[in-house]
Amino acid sequence: MWRVRVVHSTGYAYKSAVTASFNEARLTPRSDSRQNVILNRVETVPATRSYRYVDYWGTAVTAFDLHAPHTELEVTSSSVVETEVGEKPEETVSWDDLRTEAVIDRFDEVLGPTHYTPRSKRIDRVGRSIAKEHDPFEAVVAAAQWVRSELDYVPGTTGVHSSGLDALREGKGVCQDFAHLSLIMLRGMGIPARYVSGYLHPSREAAIGDTIDGQSHAWVQAWTGGWWDYDPTNDTEINEQYVSVGVGRDYSDVAPLKGIYSGEGSTDLDVVVEITRLA
């Protein structure tokens, strides 16, 4: 088991004073069978009144609004989380099980296409060939490995509006693209699959107490009799280095910050993530 501190700061600088802004932050890690949240707070500068709720997908949301004129806004989430290795499902299902009406109806929302995960005949063909040689559990890993063979990891190559197919055309992307492209294939094969947002401590041998520059990370959850996590960017099941925040159909369900504001001009955005292994 690891104990990890994550500090995620996002700063906005507006070109002229904003008179009002309404925001939602999805920056609070989940408490589940793999991880336990010991501490989380979300603070803003200027200070705001906020309230919390849990959204449809089970993600904790901090909502806040600001009605005084401001030219800058900083949102900082600080968390301490205990993490363990991810567990595989005890039961496995067959392709025939996944084609039953009960499964298709139960998981309808995470089987269909979305803006970030549109259907693709080419990817469906690859998925069919994978399905011939693997059971659904093995197919999740094979799909992730195919994605890795098609995409080079290149930071900064795609924007938050790029779909998995955009990345495939470019042949490169970031973790968000690896996750979206994996979801296209898994859903095309009939495997229920979700997008996971969170953080990854990059060093397995991390020294306790050392703070490093980290970043947000994305991976997938697949249902093959039970939900389990796989990271297509690094071709691995997840372990104590991973801190999950939210799940959904794609990035749009778990975007760290969403908001609207009244004012003119674009904004400069600065994001800093610091990760420390505490134990």
Side-chain angles (χ1 to χ4, degrees), residues 26 30 32-35 54-59 85-148 163-165 167-168 175-198 217-238 242 244-255:
R26 285 170 173 80
R30 302 163 70 85
D32 56 28
S33 59
R34 192 189 69 84
Q35 64 182 33
V54 175
D55 72 9
Y56 177 81
W57 300 101
T59 306
V85 176
E87 292 183 356
K88 301 186 187 76
E90 292 178 6
E91 295 180 26
T92 56
V93 292
S94 67
W95 293 111
D96 286 341
D97 294 328
L98 289 176
R99 294 187 190 104
T100 61
E101 194 173 323
V103 168
I104 291 170
D105 186 54
R106 178 181 170 191
F107 295 111
D108 175 68
E109 292 166 310
V110 289
L111 280 168
T114 71
H115 167 73
Y116 286 101
T117 61
R119 288 299 289 269
S120 158
K121 290 181 180 176
R122 177 197 167 192
I123 295 174
D124 283 352
R125 281 197 301 273
V126 177
R128 283 194 293 272
S129 67
I130 287 175
K132 283 178 187 171
E133 299 175 21
H134 300 283
D135 65 28
F137 183 88
E138 297 165 342
V140 174
V141 179
Q145 290 172 341
W146 178 82
V147 168
R148 275 175 60 94
S163 75
L165 292 186
L168 184 61
C175 57
Q176 175 180 310
D177 304 300
F178 281 73
H180 282 147
L181 193 52
S182 298
L183 293 176
I184 294 171
M185 175 166 286
L186 294 174
R187 292 169 182 169
M189 287 193 278
I191 298 175
R194 304 191 291 210
Y195 182 100
V196 188
S197 70
H217 194 55
W219 58 97
V220 299
Q221 278 183 351
W223 189 88
T224 58
W227 288 108
W228 60 289
D229 297 72
Y230 202 84
D231 178 3
T233 307
N234 294 299
D235 190 20
T236 181
E237 292 177 41
I238 71 167
Y242 290 76
S244 61
V245 171
V247 301
R249 291 162 297 186
D250 58 24
Y251 171 80
S252 64
D253 284 333
V254 293

- [ ] Please name the pair of heavy atoms, one in Val247 and one in Trp57, separated by the smallest distance, quoted to 0.1 Å.
- [x] O-CB, 3.1 Å
Open item on the list: To check you understand the geometry: which heavy-atom pair defines the closest contact between Leu181 and Gly164, and what is its length?
Closed with: CD1-O, 3.8 Å
- [ ] Write down the atom of Leu98, the atom of Pro192, and the distance for their closest heavy-atom approach.
- [x] CD2-CD, 3.9 Å
Open item on the list: Ignoring hydrogens, what is the shortest heavy-atom contact between Ile238 and Val85? Give both atom names and the distance.
Closed with: O-CG1, 4.0 Å
TODO: Go through the structure and list residues passing salt bridge (charged side-chain N to carboxylate O under 4.0 Å, His left out) with Arg26, not counting sequence neighbours.
DONE: Glu24, Asp55
Task: Nearest heavy-atom neighbours spanning Ser182 and Val220 - done: CB-CG1, 4.2 Å
- [ ] In sequence, state the C-alpha distance, the side-chain angles, and the governing distance for Asp97 and Thr100, and then conclude on side-chain hydrogen bond (donor to acceptor under 3.5 Å, both in side chains).
- [x] CA-CA 5 Å; Asp97 294 328; Thr100 61; over 6 Å; no
- [ ] For a side chain to side chain donor-acceptor pair (under 3.5 Å) with Ser244, tell me which candidate from Arg30, Gln221, Gln35 qualifies.
- [x] Gln35
- [ ] Anything under 30° is parallel, anything over 60° is perpendicular, the rest tilted; go ahead and classify Trp228 against Phe137.
- [x] parallel
- [ ] Please identify each residue that fulfils side chain to side chain contact (heavy atoms under 4.5 Å, CB included) with Glu87, with sequence neighbours left out.
- [x] none
Task: Check: Tyr242 and Thr236 side chains under 4.5 Å, non-hydrogen atoms - done: yes
TODO: Sorted by first residue and then second, give each salt bridge (Lys or Arg N to Asp or Glu O under 4.0 Å) pair with at least one member in residues 107-123; sequence neighbours left out.
DONE: Arg119-Asp124, Arg122-Glu150
Open item on the list: So that I know where these two stand, are Tyr195 and His180 an aromatic pair - ring centroids less than 6.0 Å apart?
Closed with: yes
Open item on the list: Quick one, Arg187 with Thr117, criterion side-chain hydrogen bond (donor to acceptor under 3.5 Å, both in side chains). Give me CA distance, side-chain angles, the key distance, then yes/no.
Closed with: CA-CA 9 Å; Arg187 292 169 182 169; Thr117 61; 2.9 Å; yes
Open item on the list: Side chains of Asp253 and Tyr56 only: does a donor on one sit below 3.5 Å from an acceptor on the other?
Closed with: no
Open item on the list: For a quick check under 3.5 Å, do Asp135 and Trp95 share a side-chain donor-acceptor pair by atom type?
Closed with: no
TODO: Compute the centroid of each ring, for Phe107 and then for Trp223, and state whether the two points are separated by less than 6.0 Å.
DONE: yes
Task: Smallest separation among heavy atoms of Pro136 and Ser94, with atom names - done: CG-C, 3.8 Å
TODO: Would you check, one step at a time, whether the test side-chain hydrogen bond (donor to acceptor under 3.5 Å, both in side chains) holds for Ser252 with Asp250?
DONE: CA-CA 6 Å; Ser252 64; Asp250 58 24; 2.5 Å; yes
